[in-house]
Structure formats: structure tokens, C-alpha cells
Amino acid sequence: LGATVRFDSLENAEHQGVRVLEVFANSPAHAAGLISYKDYILGTADIAIRDMDELVELVTVSMGKPTQVYVFNADTEAVRSVVLTPNSDWGGSGSLGCDIGSGFFDRLP
């Protein structure tokens, strides 16, 4: 059928995802179409991102590789898929080229 069935618990769902704050021009985050202050990185088909440590792990294993990532947008209230290619040589700091928030005020709306 081409479908995947997953049984996830909604317990602690409000603690999942990290918020995209500022996206820098010409960065991997910009190329992926991430939207400043509106997008939340949820994870991949294999990994749910619940905190910064899990995001760092994902970026580390995905360095230089196009990676399909699921993102929730607060304006559209929809999840979309983007292709993010972490790269430390993009011309700015970090491998994603965006500021990330994961504190109390950066939870899913």
C-alpha cells in the first residue's frame, strides 16, 4: 500500500520539536525554505526531535547529506516536508544557518 503505521503516544507532545528562530540568508536552512519564528523542526521519518541534543545528533549524522525533515508551521497549522542539508561550509556559523530555540517559550503553539 505504500503506507506506514506508527503508534505514537501524545503524552508530552508539547515538548517535541525545536523552534526555528532566525534563518540566515544563503544558509542550509534558507535553502530548505525554513521560516523564521513560524517553523518547528519535528524530526525525520526515523527520529523525533524532542530537544537540542537530538537535533545535534541528527545534524551530525546528516552532515553534507540531503535529509528529509518534517516541519510544523504555526501560521498554516500544517506539517510539511523539507530537504535540509547540514553544511558547516555555507559561509556563516553553524551547520544549519539558523538560530534554534527549545525553551519554555519555544514550544509548539
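Because the structure is predicted, anything quoted here is derived from the model rather than measured. Along the sequence shown, residues carry numbers from 1.
- Under a cut-off of 6.0 angstrom, the local environment of CG in Asp75 is crowded, with over 12 non-hydrogen atoms contributed by other residues, nucleotides or ligands.
- Leu55 and Ile35 sit in two unconnected hydrophobic clusters of ILVMFWY residues. Membership requires side-chain heavy atoms under 4.5 Å apart, directly or through other members.
- In terms of heavy-atom proximity, Pro28 sits nearest to Ser95 at CG-O, 3.5 Å.
- With rounding to the nearest 0.5 Å, the separation of CG in Leu96 from OG in Ser88 is 10.5 Å.
- Hydrophobic clustering, with ILVMFWY side chains joined whenever heavy atoms are under 4.5 angstrom apart, groups Ile49 together with Met63.
- Checking Thr44, Thr85, Val82, Val83 one by one against Thr67, the side-chain contact (heavy atoms from CB on, under 4.5 Å) holds for a single residue, Thr44.
- Through chains of ILVMFWY side-chain contacts below 4.5 Å, Phe24 is grouped with Trp90.
- Leu84 is connected to Val59 through a chain of hydrophobic side-chain contacts under 4.5 Å among Ile, Leu, Val, Met, Phe, Trp and Tyr, so both are in one cluster.
- Considering all non-hydrogen atoms of both residues, Ser62 and Pro86 come closest at O-CD, 3.5 Å.
- Hydrophobic clustering places Met52 together with Leu34 (ILVMFWY residues linked when any side-chain heavy atoms are closer than 4.5 Å, directly or through intermediates).
- Atom NE2 of His30 is separated from atom OG of Ser36 by 9.0 Å, given to the nearest 0.5 angstrom.
- No side-chain heavy atom of Phe72 sits less than 4.5 Å from a side-chain heavy atom of Arg80.
- Here Ser27 pairs with nothing under the side chain to side chain donor-acceptor pair (under 3.5 Å) rule; sequence neighbours left out.
- Between Gln68 and Ser81, the closest heavy-atom pair is NE2-OG, 2.7 Å.
- Using a 4.5 Å heavy-atom threshold, the side chains of Ile41 and Val20 count as touching.
- Rounded to the nearest 0.5 Å, atoms CG (Asp53) and CG (Leu58) are 12.5 Å apart.
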